[in-house]
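Report on the structure given below.
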Amino acid sequence: QVQLVESGGASVQAGGSLRLSCAASGYTYSRSCMGWFRQGPGKEREGVASIYTGSGVSDYDDSVKGRFTISQDNANNTVYLQMNSLKPEDTAMYYCAAGRWCPWYSDKLAGSEFEHWGQGTQVTVSS
C-alpha cells in the first residue's frame with residue numbers, strides 16, 4: 001500500500017521560512033518523480049516543484065523559483081520542500097505526489113499524471 005505522508009505545515013509571518021516533508025512508503029521510490037502541489041482557498045491546484053529521484057533533477061514553477069527548494073533523502077524515502085521568503089499568496093494546502101515521470105507542460109506541472117497523493121499539510125502565511 002502506497003503512503004505519502006506530509007508534515008511541516010504551520011502558520012508563519014510573511015518573509016518567514018518553513019520546511020515541508022513527504023515520507024513515502026510502499027512505493028518504488030527510486031526512479032520516480034516526486035512533486036509538490038498546492039491549492040489555495042478558491043484557487044485551482046497548481047504544481048510547485050518536482051524532483052526525479054533517480055537523477056535528482058528538479059524543476060520549479062515560476063512563482064516559487066529562487067524561494068523554494070526541493071530536495072530528497074533517498075536513504076529515508078523522503079522529499080523536502082524548503083520554503084523561504086514566504087508570501088501571503090503562498091497560503092495553501094500543500095500536497096506531495098508520486099509518479100513515474102515529471103510531466104511539465106507549458107511550464108506547468110501536470111497533477112493529473114501523478115498516481116499517488118498524500119493528505120496534505122496546511123501552510124498559512126500572514127502579512
Side-chain angles (χ1 to χ4, degrees):
Q1 180 181 358
V2 176
Q3 274 197 314
L4 301 176
V5 180
E6 303 97 331
S7 61
S11 295
V12 297
Q13 295 277 342
S17 298
L18 283 174
R19 188 176 80 156
L20 306 183
S21 300
C22 172
S25 61
Y27 182 73
T28 305
Y29 179 84
S30 63
R31 298 181 184 178
S32 64
C33 182
M34 301 298 291
W36 283 100
F37 292 81
R38 66 185 181 186
Q39 187 165 18
K43 297 181 181 179
E44 292 186 358
R45 184 182 66 193
E46 62 177 351
V48 173
S50 68
I51 188 165
Y52 188 70
T53 60
S55 63
V57 173
S58 59
D59 208 346
Y60 300 88
D61 186 80
D62 285 346
S63 64
V64 304
K65 278 181 180 176
R67 300 189 299 123
F68 291 10
T69 303
I70 190 170
S71 62
Q72 57 182 352
D73 177 355
N74 289 346
N76 293 301
N77 289 0
T78 300
V79 173
Y80 302 98
L81 185 69
Q82 178 67 42
M83 305 187 296
N84 298 329
S85 301
L86 282 162
K87 305 175 181 180
E89 51 263 44
D90 294 318
T91 294
M93 184 71 79
Y94 282 72
Y95 298 92
C96 174
R100 284 177 283 182
W101 58 82
C102 296
W104 287 87
Y105 303 120
S106 299
D107 295 330
K108 296 299 178 185
L109 187 61
S112 59
E113 298 191 25
F114 283 79
E115 300 168 18
H116 307 288
W117 291 82
Q119 293 300 306
T121 186
Q122 178 67 39
V123 172
T124 302
V125 184
S126 58
S127 57

Counting distance only, does the side-chain N/O of Thr53 pair as donor-acceptor with the main-chain N or O of Ser32 below 3.5 Å?
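Answer holds: yes.
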Keeping the roles fixed (side chain from Glu6, backbone from Gly120), state whether a donor-acceptor pair exists under 3.5 Å.
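Answer holds: yes.
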Of Gln72, Arg19, Met34, which is the lone residue that meets side chain to side chain contact (heavy atoms under 4.5 Å, CB included) with Tyr80?
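For Tyr80, the side chain to side chain contact (heavy atoms under 4.5 Å, CB included) check succeeds only for Arg19.
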Let me confirm one number: the CG-CD distance from Asn77 to Gln3, rounded to the nearest 0.5 Å.
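One finds 12.5 Å between CG of Asn77 and CD of Gln3.
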Run the salt-bridge test on Lys87 and Asp90 with the 4.0 Å N-O cut-off and return the result as yes or no.
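Result for this pair is no, no salt bridge flagged.
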Quick one, [X] and [Y] - any side-chain contact, counting heavy atoms below 4.5 Å?
| X | Y | value |
| --- | --- | --- |
| Ser17 | Asn84 | yes |
| Phe68 | Asp61 | no |
| Arg38 | Val123 | no |
| Tyr94 | Gln122 | no |

Path from Tyr52 to Trp36 over hydrophobic side-chain contacts below 4.5 Å:
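Tyr52 and Trp36: separate clusters.
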Is there a path of hydrophobic side-chain contacts, each under 4.5 Å between heavy atoms, that joins Leu20 and Ile70?
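Linked within one cluster.
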Take atom CD of Gln119 as the centre, draw a 6.0 Å sphere, and report whether it contains more than 12 heavy atoms from other residues, nucleotides or ligands.
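Atom CD in Gln119 is not crowded, with 12 or fewer foreign heavy atoms closer than 6.0 Å.
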For the residue pair [X] and [Y], what are the closest heavy atoms and their distance?
| X | Y | value |
| --- | --- | --- |
| Pro103 | Glu113 | CB-OE1, 3.5 Å |
| Leu81 | Ala49 | CD1-CB, 4.2 Å |
| Thr78 | Asn76 | OG1-O, 2.9 Å |
| Leu4 | Cys96 | CD1-O, 3.8 Å |
| Ser127 | Ala14 | CA-CB, 4.3 Å |

Hydrophobic cluster (4.5 angstrom, side-chain heavy atoms) - remaining members for Tyr105
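Traced through the cluster, Tyr105 reaches Trp101.
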Mind checking who shares a hydrophobic cluster with Met93, ILVMFWY linked at side-chain heavy-atom distances under 4.5 Å?
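Once heavy-atom contacts under 4.5 Å are chained together, Met93 belongs with Phe37, Tyr95, Trp104, Leu109, Phe114, Trp117.
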